[in-house]
J.: 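The structure under discussion is supplied below as structure tokens; questions concerning it will follow.
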Amino acid sequence: MVASAATAAFFPVTKASSTKASLVPGGGSDNLDTRGINSSKPTSSGGLKVKANAQATPKINGTSIHYPPSSERLKNSDETSIAPARTFINQLPDWSVLLTAITAMFLAAEKQWTLLDWKPRRSDMLVDPFGLGKIVQDGLVFQQNFSIRSYEIGVDGTTSIESFMNHLQETALNHAKTVGLLGDGFGSTEAMSKRNLIWVVARMQILVNRYPTWGDTVQVDTWVAANGKNGMRRDWLVRDGNSGETLARASSKWVMMNTSTRKLSKMPDDVRVEIEPYFMDCAPIVEEDGRKLPKLDESTSDYVRNGLTPRWNDLDLNQHVNNVKYIGWILEVTLFFSRKLFYFS
């Protein structure tokens, strides 16, 4: 009987009985324990009288469980046959969606970690991978690294002088931008922009010891100094980024021009106040060559090429032909006549 009562607690019978327990003579309801067994003393017959169909109320963890009547369970049987019972399995989330979300989170975290923990894989890679440059030597020298690209070399496998000069010009502009002198104009300060003044290169000397090749890293240092009352001098030192070998040295003179009148201008006092704190007191890195180029006359020239006019791509932000473009023109004309001489010979 004890086993039957315990079994009923976990596996209740499907047909519930509404018959109440019949008490033995001389006993009361208090004489029945939770198992439906009469705990009174035995009668003269000496046997225990127990209700045959007694059923204990099932309990789980001390809590009584009440089941609905059979009529209600039969009424709902049709509904349970249509909709599946809510079990632990069919209440689980869609694991494929959860796995996709976790994978996306790991991939995003890995990408961010790669960007933060980026390190050069080779010793000859750029120290400054983004070419931003930095100020050195008490804030008077600007230093920037360049990697020679495939489109910057010529047929001989080395970089051209035109590409070399583009690196020099880029460091000059980045120098002015880094120290806060760059205004609205192309290399002009704020005071120069208000007066429609721009810098133009009046003279430049470049001494090249060796031209770098594709994949080389070059380090360019540049600084400025005073040049007379109305001019400025800018010098460059180009070295190999790995060995420190000096590749080239350059020195230039800059003057101001008014974009409205297209004429040279004196340096205003407010402009001088802006740029003088960044002047270095030093000699030019390239000793000035006092020789002057003779003027060319078409009547005495061996060859003349006409029809060379500025293209739209030859103009810079100041709407004048950039000084680097002049070098490209000279090289193109020189190579043109060199090929003609080679063919004629």
Side-chain angles (χ1 to χ4, degrees), residues 131-144 146 164-207 219-239 248-293 314-327:
L132 301 179
K134 58 183 178 180
I135 299 294
V136 296
Q137 294 187 16
D138 299 330
L140 299 178
V141 178
F142 181 77
Q143 185 178 97
Q144 186 172 356
F146 293 93
F164 229 154
M165 293 187 64
N166 276 323
H167 293 163
L168 303 185
Q169 180 175 259
E170 183 70 11
T171 55
L173 294 174
N174 288 337
H175 184 194
K177 181 180 180 180
T178 303
V179 298
L181 290 179
L182 201 61
D184 296 333
F186 191 60
S188 301
T189 64
E190 293 184 2
M192 292 173 61
S193 299
K194 295 177 181 178
R195 298 174 178 269
N196 298 324
L197 297 176
I198 61 173
W199 288 111
V200 293
V201 180
R203 186 181 180 89
M204 177 177 283
Q205 290 180 261
I206 303 178
L207 297 179
Q219 177 181 298
V220 183
D221 294 0
T222 183
W223 58 91
V224 292
N227 182 58
K229 294 182 179 180
N230 298 311
M232 180 184 70
R233 190 187 83 240
R234 178 174 286 276
D235 294 343
W236 293 272
L237 175 62
V238 184
R239 290 175 291 185
R249 293 173 295 153
S251 183
S252 61
K253 293 182 179 180
W254 301 59
V255 293
M256 292 186 181
M257 185 182 75
N258 190 298
T259 57
S260 300
T261 62
R262 313 304 294 182
K263 294 181 179 179
L264 299 181
S265 172
K266 294 182 179 181
M267 184 181 296
D269 293 337
D270 53 351
V271 176
R272 190 183 304 276
V273 171
E274 282 182 323
I275 62 177
E276 273 191 347
Y278 302 97
F279 285 169
M280 288 187 64
D281 186 11
C282 60
I285 194 171
V286 177
E287 186 177 353
E288 184 175 356
D289 191 345
R291 295 177 297 174
K292 294 183 178 181
L293 295 175
D314 295 331
L315 305 180
D316 58 19
L317 191 61
N318 290 327
Q319 299 183 5
H320 83 293
V321 177
N322 191 267
N323 61 289
V324 179
K325 293 296 181 180
Y326 284 108
I327 302 298

J.: Are more than 12 heavy atoms, taken from residues, nucleotides or ligands other than E287, located less than 6.0 Å from that residue's CD atom?
T.: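 No, the 6.0 Å shell around CD holds no more than 12 heavy atoms from other groups.
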
J.: Any donor-acceptor pair under 3.5 Å linking the side chain of D138 with the backbone of L140?
T.: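 Pair absent, no side-chain N/O of D138 close to backbone of L140.
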
J.: Give me the atom names and distance for the closest heavy-atom approach of L173 to G187.
T.: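 Looking at all heavy atoms of both residues, the shortest contact is CD2-CA, 3.6 Å.
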
J.: Just verifying a value: how many Å separate Q219 CD and T171 OG1, rounded to the nearest 0.5 Å?
T.: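 Spacing of CD (Q219) from OG1 (T171) equals 11.5 Å.
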
J.: Any non-hydrogen side-chain atom of I135 less than 4.5 Å from a side-chain atom of T178?
T.: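 Of all side-chain heavy-atom pairs linking T178 with I135, at least one is under 4.5 Å.
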
J.: Pairs in or reaching into residues 189-201: which pass salt bridge (Lys or Arg N to Asp or Glu O under 4.0 Å), with residues at least two apart or in two chains?
T.: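 Sorted pair list: R195-D270.
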
J.: Salt bridge (charged side-chain N to carboxylate O under 4.0 Å, His left out) with E288: which residues, sequence neighbours excluded?
T.: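 E288 satisfies salt bridge (charged side-chain N to carboxylate O under 4.0 Å, His left out) with K253 once adjacent residues are dropped.
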
J.: Quick one: are M257 and R262 in side-chain contact, heavy atoms under 4.5 Å?
T.: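 M257 vs R262: side chains touch.
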
J.: Ignoring hydrogens, what is the shortest heavy-atom contact between G231 and M267? Give both atom names and the distance.
T.: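 Taking every non-hydrogen atom into account, O-CE, 3.9 Å.
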
J.: Please name all residues satisfying side chain to side chain contact (heavy atoms under 4.5 Å, CB included) with V286, sequence neighbours left out, ordered by chain then number.
T.: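 Listed in chain order: Q205, L207, R249, S251.
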
J.: Are W223 and L237 packed together at the side-chain level, in the sense that at least one heavy-atom pair is separated by less than 4.5 angstrom?
T.: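 Yes, side chains in contact.
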
J.: Quick one: closest heavy-atom pair of I285 and A250, and the distance?
T.: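 That would be CG2-O, 3.3 Å.
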
J.: Nearest 0.5 Å please: distance from the CZ atom of F142 over to the NZ atom of K134.
T.: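 Separation between the atoms: 10.5 Å.
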
J.: To check you understand the geometry: which heavy-atom pair defines the closest contact between M232 and F279, and what is its length?
T.: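 Residues M232 and F279, closest heavy atoms: CG-CE2, 3.9 Å.
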
J.: Quick one, L182 and T189 - any side-chain contact, counting heavy atoms below 4.5 Å?
T.: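 No. Closest side-chain heavy atoms not under 4.5 Å.
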
J.: For I275 and V224: C-alpha separation, side-chain torsions, deciding distance, then whether side-chain contact (heavy atoms from CB on, under 4.5 Å) applies.
T.: CA-CA 9 Å; I275 62 177; V224 292; over 6 Å; no

J.: Under a 3.5 Å distance rule, please check whether T259 uses its side chain to pair with a backbone N or O of N196 as donor and acceptor.
T.: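 Side chain of T259 to backbone of N196: a pair is present.
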
J.: Suppose we screen for salt bridge (charged side-chain N to carboxylate O under 4.0 Å, His left out). Which residues come up paired with D289, at least two apart in sequence or across chains?
T.: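 Salt bridge (charged side-chain N to carboxylate O under 4.0 Å, His left out) list for D289, sorted by chain: R291.
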
J.: Check whether any side-chain heavy atom of N230 sits under 4.5 Å from a side-chain heavy atom of R272, and report yes or no.
T.: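 N230 vs R272: side chains touch.
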
J.: Taking all non-hydrogen atoms of both residues into account, name the closest pair between L181 and E274 and its distance.
T.: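 Closest heavy-atom pair between L181 and E274: CD2-O, 3.6 Å.
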
J.: Just so I know, are the side chains of Q144 and T222 near enough to count as touching, which here means a heavy-atom distance under 4.5 Å?
T.: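 They are not in side-chain contact.
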
J.: With V273, which residues qualify under side chain to side chain contact (heavy atoms under 4.5 Å, CB included), at least two apart?
T.: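 Testing V273 for side chain to side chain contact (heavy atoms under 4.5 Å, CB included), a comparison that skips the adjacent residues, returns none.
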
J.: Please, which pairs that meet salt bridge (Lys or Arg N to Asp or Glu O under 4.0 Å) have at least one residue in residues 225-235, sequence neighbours excluded?
T.: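 Those involving residues 225-235 are R233-D235.
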
J.: State, yes or no, whether a side-chain contact exists between V179 and Y278 at a heavy-atom distance under 4.5 Å.
T.: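 The answer is yes; the side chains approach within 4.5 Å.
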
J.: Once you round to the nearest 0.5 Å, how far does CG of N227 lie from CZ of R203?
T.: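 Spacing of CG (N227) from CZ (R203) equals 11.0 Å.
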
J.: Okay, side chain of W236, backbone of L168: is any donor-acceptor separation there less than 3.5 Å?
T.: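 Side chain of W236 to backbone of L168: a pair is present.
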
J.: Which atoms form the tightest heavy-atom contact between F164 and A248, and what is the distance?
T.: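 The pair with the smallest heavy-atom distance is CZ-CB, 3.9 Å.
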
